[in-house]
Amino acid sequence: MKENQETEESKSKNFIEQIIEEDLASGKHKEIYTRFPPEPNGYLHIGHAKAICLNFGIKADYHGKTNLRFDDTNPTKEEEEYMDSIKQDVAWLGFDWDRLCFASDYFDQLYDWAVMLIKDGKAYIDEQSGDEISKQRTTPREPGIESPFRNRPVEESLKLFEEMKDGVHDEGSMVLRAKVDMNSPNMHMRDPIMYRILKRPHLRTGDKWNVYPNYDYAHGQSDFIEGITHSLCTLEFEVHRPLYDWFLNQIAKSGESRPRQIEFARLNLTYTVMSKRKLLELVTGGYVKGWDDPRMPTISGLRRRGYTPGSLRLFSERVGLAKRENTIDVGLLEWAVREDLNKIAERRMAVMDPLKVVITNYPEGQIEEMEGVNNPEDESAGKRMIPFGRELYIEHSDFMEDAPRKFFRLAPGREVRLRYGYFITCQDVIKDEDGNITELHCTYDPESRGGNSPDGRKVKGTIHWVAKEAAKAAEIRVYDRLFSVENPSDVPEGGDFKDNLNNESLTVTTAFIEPALAEANAGENYQFERTGYFCVDPDSSAEKIVFNRTVPLRDSWAKKNK
RNA sequence: UGUCCGAUGGUGUAAUGGUAACACAGCUGUUUUUGGUGCAGCCGUUCAAGGUUCGAGUCCUUGUCGGACAACCA
């Protein structure tokens with residue numbers, strides 16, 4: 001308790017928290033209201049997790065509120081499937097939204113405000129092509145060219161806008177533009193487009209509309225309608241902020257509380273591609289098996305990989321928050337899941353690459369039940385029984401014929417502890433005609449049952465094992481990074497990122513597992529002693545147990561001998 | 001040669017004019033029936049130059065480097 005208080009006090013405030021506390025102190029806001037506003041055009045990824053934890057974290061820290069809002073202003077890209085997955089992901093991360101909203105809820109209001117802007121002479125219908133409009137905006141360095149329609153009569157714009165809405169005009173034939181400033185050095189202020197014609201059914205409004213608002217016209221107003229106090233978004237929207245404020249100035253009455261947009265740097269991870277476009281391409285191109293493929297940096301992929309909500313929250317907290325570009329080492333994400341899983345995952349024994357061991361002085365046909373601790377980090381996890389017999393499997397890498405002094409595991413003439421079993425000493429190495437090691441003959445010390453010798457002698461190594469008689473088989477899927485390049489910005493924008501893909505990102509093997517693991521349920525996390533954290537894949541069944549490797553255990557011996 | 005934003009160890013994030021801190025990574029040592037975990041220690045004078053000040057990572061000036069912006073995407 002005391003410890004918690006200390007960490008709470010010493011926790012430094014990021015720049016957004018500082019702004020919020022100032023707004024609270026000055027009385028500008030009594031209650032803080034944030035929102036998480038994804039467009040349902042793809043699955044959420046770890047970068048979104050950072051934004052989710054930020055927004056909902058503020059809600060928790062300041063006893064405020066947070067909405068989940070779907071920014072569904074473009075019916076050509078949005079799908080129901082994506083909405084479902086987004087809701088699932090946010091809930092799975094452990095957050096409750098106060099309201100579930102949709103930008104499309106505000107289409108009527110947005111339309112009325114647009115009419116108001118036209119009447120005020122602040123918006124007009126432009127009948128030029130996209131190319132022409134774009135050309136007239138010129139470059140940031142030189143002034144823009146006004147549209148010939150810019151100063152058309154209000155009545156004309158009003159009439160055309162209504163006709164646009166009613167479907168009289170074709171897509172691309174005209175747009176509604178805000179009359180801001182064609183000479184602004186900020187391109188977004190050069191008469192931005194507010195509405196375009198899209199004759200597509202919308203997921204929620206169906207065929208009601210033939211015109212849809214653009215992001216810039218819809219977002220700030222949505223925030224305003226919902227009473228959002230702090231609208232947090234990523235850095236690339238920084239240049240949109242003057243426009244965000246411009247629209248709010250048109251619709252909000254003076255003195256009325258309006259949302260403030262604050263930008264922060266998005267998350268980048270080494271060896272990880274995050275752009276929705278590229279992730280979509282991985283899925284549609286068949287490079288992965290779906291959005292929730294365990295190699296994907298999506299929240300659903302990480303979930304399937306065995307990452308816990310707590311690990312993602314811990315990660316989000318540790319990546320920090322600032323306005324500078326950053327690239328976080330994926331190692332931090334892996335550390336976060338180990339940190340979480342170390343406390344909660346039960347330990348089991350499983351042999352990935354089996355080597356048969358025969359204990360020559362152990363009675364034939366005898367099976368003993370040995371007691372194993374489920375989690376040394378958590379006594380309440382209890383104990384389990386593990387069958388032991390004359391023939392066992394150990395990990396191939398736990399034996400070395402010509403072992404260096406620093407090798408603490410099994411080698412000819414050396415004694416090791418079989419965890420929760422006995423001390424054994426390697427007497428003979430059996431090989432096939434090609435010289436491959438096929439079997440080890442060992443002797444055991446009957447006095448060392450459970451792993452301690454009454455004479456107090458020490459062994460350096462403790463290895464894991466599975467009794468051959470009782471072993472079950474399981475499919476193990478070992479995942480490696482999908483991209484071989486460290487810096488995600490090195491992955492080209494086009495579709496030709498094939499060269500950067502790691503072709504060995506998935507390895508499937510069969511392992512021998514202790515019987516207790518055969519009853520594991522989908523989604524459960526285990527630490528396979530001495531190897532890594534594994535999670536039961538939803539593909540599992542009673543006949544075929546499938547484990548995904550979440551993350552390997554740190555292994556200083558392997559690292560030194562690489 | 002436009003506007004805006006940024007620059008602190010290998011990677012991130014703090015320090016709100018007063019001893020540069022925390023985490024991850026790395027390295028040492030130690031504990032351990034997981035070469036895991038835990039514990040202890042080591043590893044940076046803050047992009048550059050000038051200025052203000054008793055005192056500057058912080059304020060000012062200039063420069064350098066990096067990023068964003070010219071979709072009827074969000």
Side-chain angles (χ1 to χ4, degrees), chain A residues 10-14 18 37-39 41 71-74 76-78 103 126 129-130 133-135 137-142 144 171-177 184-190 192-198 211-212 214-216 218-219 233-242 263 265 270 276-277 317-329 331-336 338-339 342-343 347 349 372-373 376-377 406-409 417-421 423 450-452 458-464 489 527-533 552-560:
Chain A
S10 61
K11 193 182 149 196
S12 56
K13 305 280 181 220
N14 63 51
Q18 288 173 28
E39 182 186 20
N41 67 344
D71 224 338
D72 54 350
T73 57
N74 185 353
T76 65
K77 293 168 73 177
E78 294 149 12
D126 195 334
S129 71
I133 290 172
S134 171
K135 230 174 268 169
R137 281 207 257 251
T138 69
T139 67
R141 238 164 274 164
E142 42 198 335
E171 281 187 23
S173 62
M174 56 186 70
V175 291
L176 180 67
R177 287 228 259 168
S184 171
N186 181 341
M187 299 302 279
H188 295 278
M189 301 299 269
R190 321 255 261 222
I193 288 162
M194 295 167 60
Y195 273 92
R196 75 286 211 191
I197 301 170
L198 252 25
V211 290
Y212 293 94
N214 282 57
Y215 167 86
D216 284 307
H219 201 93
C233 63
T234 45
L235 242 33
E236 66 266 31
F237 292 102
E238 208 155 29
V239 280
H240 292 245
R241 191 178 350 118
E263 309 86 13
T270 56
K276 269 191 197 171
R277 232 209 72 247
E317 182 191 307
R318 293 306 169 89
V319 295
L321 192 74
K323 292 191 74 165
R324 71 187 83 119
E325 299 289 331
N326 61 82
T327 304
I328 308 285
D329 194 325
L332 187 66
L333 180 61
E334 295 172 348
W335 166 82
R338 284 192 198 105
E339 179 80 3
N342 182 50
K343 290 182 217 121
R347 315 291 128 122
M349 292 201 282
V373 172
E377 308 288 319
K406 287 288 213 177
F407 186 76
F408 302 147
R409 308 174 200 179
R417 167 167 44 232
L418 295 174
R419 184 153 219 223
Y420 305 129
F423 285 9
N452 277 311
K458 300 266 190 262
V459 288
K460 273 287 214 180
T462 302
I463 65 176
H464 57 118
S489 62
Q527 185 195 98
F528 289 0
E529 303 225 35
R530 305 254 332 273
T531 56
Y533 291 99
L553 239 44
R554 287 166 49 117
D555 184 346
S556 57
W557 167 256
K559 197 192 295 170
K560 272 184 200 159

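By convention in this document, chain letters (A, B, ...) are assigned in the order of the sequence lines, proteins followed by strands, and residues within each chain are numbered from 1.
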State which of [options] makes the closest approach to the side chain of [X].
X	options	answer
A/Leu553	B/G35, B/G6, B/G36	B/G36
A/Arg324	B/U37, B/G6, B/A74	B/G6
A/Asp555	B/U8, B/G36, B/G35	B/G35
A/Ser556	B/A14, B/C27, B/G35	B/G35
A/Phe407	B/G35, B/G36, B/G12	B/G35
A/Arg530	B/G35, B/G36, B/U13	B/G35

Categorize [X] for me: base, sugar-phosphate, or nothing, with a 4.0 angstrom heavy-atom threshold over every strand shown.
X	answer
A/Leu321	sugar-phosphate
A/Gly451	base
A/Pro376	base
A/Thr270	nothing
A/Asn452	base
A/Thr327	sugar-phosphate
A/Val319	sugar-phosphate
A/Arg409	base
A/Lys77	base
A/Lys406	base
A/Tyr195	nothing
A/Glu171	nothing
A/Tyr533	nothing

Filtered N/O pairs between nucleotides 21-24 of chain B and protein, under 3.5 Å:
residue, atom, partner, partner atom, Å
B/A23, O2', A/Arg318, NH1, 3.1

Any side-chain N or O of [X] under 4.0 Å from OP1/OP2 of [N]?
X	N	result
A/Gln18	B/A14	no
A/Thr73	B/A74	yes
A/Lys559	B/G26	yes
A/Arg196	B/A74	yes
A/Arg277	B/A74	no

Which residues share a side chain to side chain contact (heavy atoms under 4.5 Å, CB included) with [X], sequence neighbours left out:
X	value
A/Lys323	A/Phe15, A/Leu235, A/Glu238, A/Glu263
A/Pro552	A/Arg549
A/Ser129	A/Asp131, A/Glu132

Output all residues satisfying salt bridge (charged side-chain N to carboxylate O under 4.0 Å, His left out) with [X], sequence neighbours left out; order by chain, then residue number.
X	result
A/Arg409	A/Asp398
A/Glu377	none
A/Arg419	A/Glu529
A/Glu339	none

Rounded [atom1] spacing from [N] to [M] in Å:
N	M	atom1	answer
B/U19	B/A25	P	29 Å
B/G2	B/G57	C1'	30 Å
B/G26	B/A49	C1'	34 Å
B/U30	B/G35	C1'	14 Å
B/U8	B/U46	P	12 Å
B/A70	B/C4	C1'	14 Å
B/U53	B/A15	P	27 Å
B/U37	B/A23	P	16 Å

* Asked: Tell me: CZ of A/Arg419 to P of B/U32, nearest whole Å?
  ->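 After rounding, the reported distance stands at 14 Å.
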
* Rounded distance in Å - NZ (A/Lys276) to P (B/A71) -> 21 Å

* Distance from A/Leu176 atom CG to A/Arg196 atom CZ, nearest 0.5 Å? -> 12.0 Å

* Could you give the distance from CG (A/Asn186) to NE2 (A/His240), rounded to the nearest 0.5 Å? ->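 One finds 8.0 Å between CG of A/Asn186 and NE2 of A/His240.
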
* Structure fact -> Counting primed atoms, P, OP1 and OP2 as sugar-phosphate and everything else as base, the B/S/- map of nucleotides 63-70 of chain B against protein heavy atoms under 4.0 Å is ----SSSB

* **Under the ring-ring contact (aromatic ring centres under 6.0 Å, His included) test, residues paired with A/His219 that sit two or more places apart** => A/Tyr215

* **Set of ring-ring contact (aromatic ring centres under 6.0 Å, His included) partners for A/Tyr420, sequence neighbours left out** =>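 In terms of ring-ring contact (aromatic ring centres under 6.0 Å, His included), with neighbours along the sequence ignored, A/Tyr420 is linked to no residue.
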
* For RNA chain B, write out the stems as range with range, using runs of 3 or more consecutive Watson-Crick or G-U pairs with both distances under 3.5 Å. =>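 When the pairs of RNA chain B are grouped into runs of at least three, the stems are B:2-7 with B:64-69, B:10-13 with B:21-24, B:26-30 with B:38-42, B:47-51 with B:59-63.
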
* To do: Decide yes or no, distance alone: a donor-acceptor N/O pair under 3.5 angstrom between the base of B/G6 and the side-chain of A/Glu263.
  => no

* To do: May I ask whether A/Trp557 stacks on the base of B/G35, given the cut-offs of 5.5 Å between ring centres and 30° between planes?
  =>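 Here A/Trp557 meets both the 5.5 Å and the 30° conditions.
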
* Considering only heavy atoms from C-beta outward, does the side chain of A/Asn342 approach that of A/Tyr533 to under 4.5 Å? -> yes

